[in-house]
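For ligands, and for the atoms within them, numbers begin at 1 and follow the listed sequence.
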Amino acid sequence: MSQRMLRGMAAGLGALVSLGSMAGCGTDGQVQKVTSIKIGVTVYDQYDTFVSQMMTDFNEYAAEQEEQTGIAINVEVYNAAGSQSTQNSQVEEMLDAGCNVICVNLVDRTEPTTIIDMAEKNNVPVIFFNRELVEEDLERWDRVYYVGAKAFESGIMQGEIAADAFKENPDADKNGDGVFQYVVLEGEAGHQDAIVRTEYAVSTIIDNGVEVEKLAYGIANWNRAQAQTKMTQMLAEYDGEIELVIANNDDMALGAIDALKTSHLNRADRPGASDLSREEWPVVVGIDGTDVGLAAVASGEMVGTVYNDKEGQAQAMLDLAYALSVGDTLDDLNLENGKYIRLPYSKVGSRDVKNYMK
Ligand code: GAL
């Protein structure tokens with residue numbers, strides 16, 4: 001029997017016992033059993049590659065849990081499409097619809113107050129995920145939680161991948177000056193992952209003994225097309241000088257690669273440049289390990305990525321949502337400070353990428 005099945009059975013048992021003690025026994029001594037729960041989810045943008053893959057996993061695990069426990073799990077997913085006020089209205093709708101728990105991928109991580117206040121008034125717990133709010137906001141009510149990852153860890157790992165690429169491959173230093181000339185493609189301004197990843201990636205490369213020089217940066221909001229545009233501009237300005245592209249996520253790394261492919265074709269047209277190979281490209285590093293990101297590592301277009309454990313985060317969010325909905329204990333979930341679940345990252349390079357691909 002799998003770990004997940006065992007966990008599901010234990011959780012189902014918990015629902016029976018804890019509701020019995022919560023609601024008390026009926027006059028005839030019968031324990032009341034939960035037969036269905038409703039989980040409302042709102043995502044900041046349903047077209048975000050990482051978030052949408054995480055939601056696919058979440059729905060899959062909910063279906064498995066339903067099968068194992070016999071408790072119907074209804075999951076409603078809303079797309080806030082980048083608007084905080086739309087998201088607030090969606091939460092109101094979910095509360096009116098009687099959701100037992102609300103999972104929120106905040107549009108604006110500095111604006112959780114309306115949602116927390118509404119949830120508290122209705123006494124419905126809230127799990128924020130992926131877009132981390134500041135600690136003071138998480139402390140506003142005791143039934144507010146966060147599921148995500150350790151942002152700084154992804155930056156450190158990305159920096160290590162880049163530093164190793166520089167040290168292990170002399171071609172990475174194209175102008176041979178002993179300095180790694182880099183550009184950064186950043187996620188949304190103000191997003192914890194964008195700020196922390198960039199900072200830690202760069203400081204880790206330096207800590208690993210590699211000197212760096214920043215040529216340029218562009219904000220591309222986690223988005224491939226925007227990253228392609230920014231990278232095209234940076235290539236126009238710095239052309240062959242760029243030795244490293246640090247992208248805050250895989251989609252932006254892929255946007256950079258799209259731009260490089262175009263520039264490669266143009267270069268091939270120039271006299272004497274027909275034998276340019278992929279090795280003339282800068283080192284490109286991403287974060288996430290999305291399906292497309294892993295494929296780019298496997299093909300060698302991207303030197304490496306950092307796996308953002310969407311399966312682990314989806315499972316943790318489901319376990320927490322389920323336990324909160326049925327009134328089960330949270331003891332087995334190992335919450336940090338009673339509020340946080342943060343999954344670790346891992347490095348992915350060409351050697352081990354196969355282990356991550358489905
Ligand atoms: C990050 C992820 C990005 C993007 C962002 C959205 O954790 O690496 O690809 O999905 O979350 O908040």
Trainee: Heavy-atom distances under 4.0 Å decide this one: backbone, side chain, both or neither, for N105 against ligand 1?
Mentor: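 It is neither part, as no heavy atom is under 4.0 Å.
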Trainee: So that I can tick it off, tell me whether R342 and E336 are bridged by a salt bridge, with the cut-off set at under 4.0 angstrom between side-chain N and carboxylate O.
Mentor: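 A salt bridge is present here (some side-chain N lies under 4.0 Å from a carboxylate O).
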Trainee: Parallel, tilted or perpendicular: which fits the ring planes of F180 and F166, with parallel below 30° and perpendicular above 60°?
Mentor: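 Rings of F180 and F166: tilted, as their planes differ by 30° to 60°.
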Trainee: If you measure every N or O of H191 against every N or O of ligand 1, does any of those distances drop under 3.5 Å?
Mentor: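 It does: an N or O of H191 is found under 3.5 Å from an N or O of ligand 1.
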Trainee: Closer than 4.0 angstrom: is that true for some heavy atom of R197 and an atom of ligand 1?
Mentor: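 Judged by the 4.0 Å heavy-atom criterion, R197 does count as contacting ligand 1.
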Trainee: Does D288 come within less than 4.0 angstrom of ligand 1, counting non-hydrogen atoms of the residue?
Mentor: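 A heavy atom of D288 does come that close to ligand 1.
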Trainee: Identify the protein heavy atom lying closest to atom 12 (O) of ligand 1, giving its residue, its atom name and the separation to 0.1 Å.
Mentor: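 For this ligand atom, the closest protein heavy atom is N130 OD1, 2.6 Å.
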Trainee: Do E132 and R109 meet the salt-bridge criterion of a basic N to acidic O distance under 4.0 Å?
Mentor: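 Salt bridge absent between R109 and E132.
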Trainee: Return a yes/no value for R131: is any of its N or O atoms, backbone included, closer than 3.5 angstrom to an N or O of ligand 1?
Mentor: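 The answer is yes, given that R131 and ligand 1 share an N or O pair closer than 3.5 Å.
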Trainee: Which residue holds the protein heavy atom closest to atom 1 (C) of ligand 1, what is that atom called, and what is the gap in Å?
Mentor: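 Atom 1 (C) of ligand 1 sits closest to the protein heavy atom D193 OD2, 3.3 Å.
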Trainee: Can R131 be said to sit on top of Y44's aromatic six-ring, NZ or CZ under 6.0 Å from centre and within 45° of the ring axis?
Mentor: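 Pair R131/Y44 counts as cation-pi.
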Trainee: Give yes or no for whether the N/O distance cutoff of 3.5 Å, strictly under, is met between N249 and ligand 1.
Mentor: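 N/O-N/O distance below 3.5 Å exists for this pair.
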Trainee: Is the centre of the Y356 ring less than 6.0 Å from the centre of the Y307 ring?
Mentor: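 Between Y307 and Y356, which both carry aromatic rings, the centre distance is below 6.0 Å.
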Trainee: Taking N130 as the fixed residue, which of D193, N105, N308, D48 is the one that meets the side-chain hydrogen bond (donor to acceptor under 3.5 Å, both in side chains) rule?
Mentor: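 In the set D193, N105, N308, D48, the residue that makes a side-chain hydrogen bond (donor to acceptor under 3.5 Å, both in side chains) with N130 is N105.
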Trainee: Under 4.0 Å between a side-chain nitrogen and a carboxylate oxygen: does that hold for R140 and E120?
Mentor: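 No, R140 and E120 are not salt-bridged.
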Trainee: Has ligand 1 got any nitrogen or oxygen that is less than 3.5 angstrom from a nitrogen or oxygen of D48?
Mentor: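 For ligand 1, there is an N or O atom that lies under 3.5 Å from one belonging to D48.
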